[in-house]
2 protein chains.
Amino acid sequence: MNILLKLSFLGTNYSGFQVQKNALTVQERLQDAVESVFGYRCPLTGCGRTDSGVHAKEFYCTINTACAPNNISAGIIPDALNHHLPHDISIIEAAEVSDSFHPRYDVIRKEYLYLIWNERYPNPFFTDRAYHYVRPLEAEKMNESAAHLIGIHDFTAFMAAGSSVTDTIREIYDARVTRENSFIKIIINGNGFLYNMMRIISGTLIYISEGKIPSDAIPRIIEGKNRVAAGFTVPAHGLYLNRVVYKTDA
Amino acid sequence: MNILLKLSFLGTNYSGFQVQKNALTVQERLQDAVESVFGYRCPLTGCGRTDSGVHAKEFYCTINTACAPNNISAGIIPDALNHHLPHDISIIEAAEVSDSFHPRYDVIRKEYLYLIWNERYPNPFFTDRAYHYVRPLEAEKMNESAAHLIGIHDFTAFMAAGSSVTDTIREIYDARVTRENSFIKIIINGNGFLYNMMRIISGTLIYISEGKIPSDAIPRIIEGKNRVAAGFTVPAHGLYLNRVVYKTDA
């Protein structure tokens, strides 16, 4: 059986989702819980990678339970797995999907949120959950500039150096910056994101608010395909994978 | 100089605000920071006690710096103290007040929030920050019942056994229960609160929603002055001191 799990995790204690040597990851914790519940280390595939410290309000993965000795109906899987998971990872849905369903290839849209706590003093409730930026940011100015990201573009300028990806064209469907009291929310929705793209875009919008980059520069930065022209890479702990949309949801 | 500090803290790692032996408290951390900054263990008085694990969006205390060798202008005190404080405690304001100002006796109103995550599955972002209650709660029913708390009453029935307080009359100015998506917020505002009063009121409102206590029972419970007639004491980790109002603010 191919089971699609929807989960939510606080990334603070993890070196991202994807399993790696000598580092604690969400996937590893999840595989341990799956093994405890199904009596077998079922193959597990995620909807993507996340960086160390990045959070997910919505993340998906599939587990293939074909070889597992224990058979558990989908409705009870979240409870069973949550019982074996730490408090910073929670399964919020489980459903049987066809064997051909792929949690990464079948994604048609992802939405990221970058959360900034924009006040003079730190917020103890958002340590490791929002980037603390002390100088006042202009949400409206950032929002107007962000609109230039919408469309099909080569986002090489917004990709971290060292990425091995060669197809650097992505479509951005929506890009918004809003202020909610002392928080700035940058929300971007697209068919895919290059390595560190969301964090470099967020840093560029901060530079635009500060006047370090002109507010009409985004089209030129995209065209120039040069990482140096964009802003800084904001820290991982303000980043949330907010939503993942599959074909069937469309 | 008598300096009023406004602070905010995540209570998870502390045995409440007030200093006690063999337990880590917010006050102790604060006194250490004050000593580092002012070169002297200045007397520190809080606006009240909080239980272990309880949070404060707003908390006040005064420090008396009269005997301190270091003189620091109020404007720079938050930065100086925050530098010496852990991330779960943040000073958000500092102001000089008269020597006669008392951070506890001069409080005219306090507001508490009790936060409930009311969903089938846990929310990894609110572990230790909201009480996870699985069965669906009826905010409107709870809100109607909560209105009966408003006024001047003897709240003995809503006080934990073992409290040494003899004056059990308090005035409640406002009591509201609202639903915001999957959260239930119980917000109560009064001139003072008895020991565990907010947590017993919250447990009573949950029992009312469940039908375990009739929705019109609050006046009878108040009148009966019997703790047994009220609901259970909800856990500390959903409780927030939300606001503290002084005479001068009124």
Side-chain angles (χ1 to χ4, degrees), chain A residues 5-14 17 26 29-30 33 50 54-59 74-94 113 115 117 119-132 134 180-182 237-242, chain B residues 5-14 17 26 29-30 33 50 54-59 74-94 113 115 117 119-132 134 180-182 237-242:
Chain A
L5 300 176
K6 182 177 175 180
L7 56 146
S8 182
F9 62 82
L10 177 73
T12 311
N13 296 321
Y14 301 99
F17 180 81
V26 175
R29 287 285 193 173
L30 209 50
T50 62
V54 171
H55 317 292
K57 295 198 179 178
E58 258 189 49
F59 193 95
I76 203 67
I77 289 175
D79 276 346
L81 288 175
N82 285 333
H83 177 68
H84 291 276
L85 283 167
H87 290 303
D88 49 11
I89 305 172
S90 179
I91 308 293
I92 54 184
E93 237 176 82
L113 157 68
L115 188 65
W117 170 248
E119 272 290 342
R120 179 82 175 85
Y121 302 114
N123 182 335
F125 299 100
F126 282 87
T127 316
D128 292 331
R129 293 167 186 224
Y131 175 39
H132 181 204
V134 170
E180 287 180 23
N181 303 312
S182 301
H237 69 268
L239 186 58
Y240 293 77
L241 178 55
N242 218 19
Chain B
L5 301 176
K6 181 176 176 181
L7 55 145
S8 183
F9 61 81
L10 176 73
T12 311
N13 296 322
Y14 301 100
F17 181 81
V26 175
R29 287 286 192 171
L30 210 49
T50 62
V54 171
H55 317 291
K57 294 198 179 178
E58 258 189 48
F59 192 95
I76 202 69
I77 289 175
D79 275 347
L81 288 175
N82 285 333
H83 178 67
H84 290 276
L85 284 167
H87 290 302
D88 48 11
I89 305 173
S90 179
I91 309 291
I92 54 182
E93 237 176 82
L113 157 70
L115 189 64
W117 170 248
E119 271 290 342
R120 179 82 177 84
Y121 302 114
N123 182 335
F125 298 101
F126 283 85
T127 314
D128 292 330
R129 295 169 184 221
Y131 175 39
H132 181 204
V134 169
E180 288 179 23
N181 303 313
S182 301
H237 69 268
L239 185 59
Y240 293 75
L241 178 54
N242 216 19

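Just so you know, these numbers use all the heavy atoms, side chains as well, and skip hydrogens, waters and symmetry mates. Throughout, a chain's letter reflects where its sequence line sits, starting with A, and its residues are numbered from 1.
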_When you measure from the side chain of Thr127(B) to the backbone of His87(A), do you find a donor-acceptor pair of N or O atoms at a distance under 3.5 Å?_
yes
*Could you give the distance from NZ (Lys57(B)) to CG (Asn123(A)), rounded to the nearest 0.5 Å?*
9.0 Å
*Under 4.5 Å heavy-atom distance to chain A, tell me which part of Phe125(B) shows up: side chain, backbone, both or neither.*
both
*Indicate the atoms forming the closest heavy-atom contact of Asn82(B) with Pro122(A), along with that distance.*
ND2-CD, 3.9 Å
_Less than 4.5 Å to any heavy atom of chain B: does that hold for the side chain of Leu85(A), its backbone, both, or neither?_
neither
*Is chain A contacted by the side chain of Ser8(B), its backbone, both, or neither, given a heavy-atom distance below 4.5 Å?*
both
*Between Ile92(B) and chain A, which part of the residue has a heavy atom less than 4.5 Å away: side chain, backbone, both or neither?*
both
*If you round to the nearest 0.5 Å, how far is NE2 of His132(B) from OG of Ser90(A)?*
7.5 Å
*Taking all non-hydrogen atoms of both residues into account, name the closest pair between Ile89(B) and Pro124(A) and its distance.*
N-CB, 4.1 Å
*Could you tell me which portion of Leu7(B) (side chain, backbone, both or neither) has an atom closer than 4.5 angstrom to a non-hydrogen atom of chain A?*
neither
_If the condition is ring pair (Phe, Tyr, Trp, His ring centres under 6.0 Å), which residues does Phe126(B) pass it with, not counting sequence neighbours?_
Phe183(B)
*Which atoms form the tightest heavy-atom contact between Tyr121(A) and Gly75(B), and what is the distance?*
OH-O, 4.0 Å
*Please identify each residue that fulfils salt bridge (Lys or Arg N to Asp or Glu O under 4.0 Å) with Asp79(A), with sequence neighbours left out.*
Arg120(B)
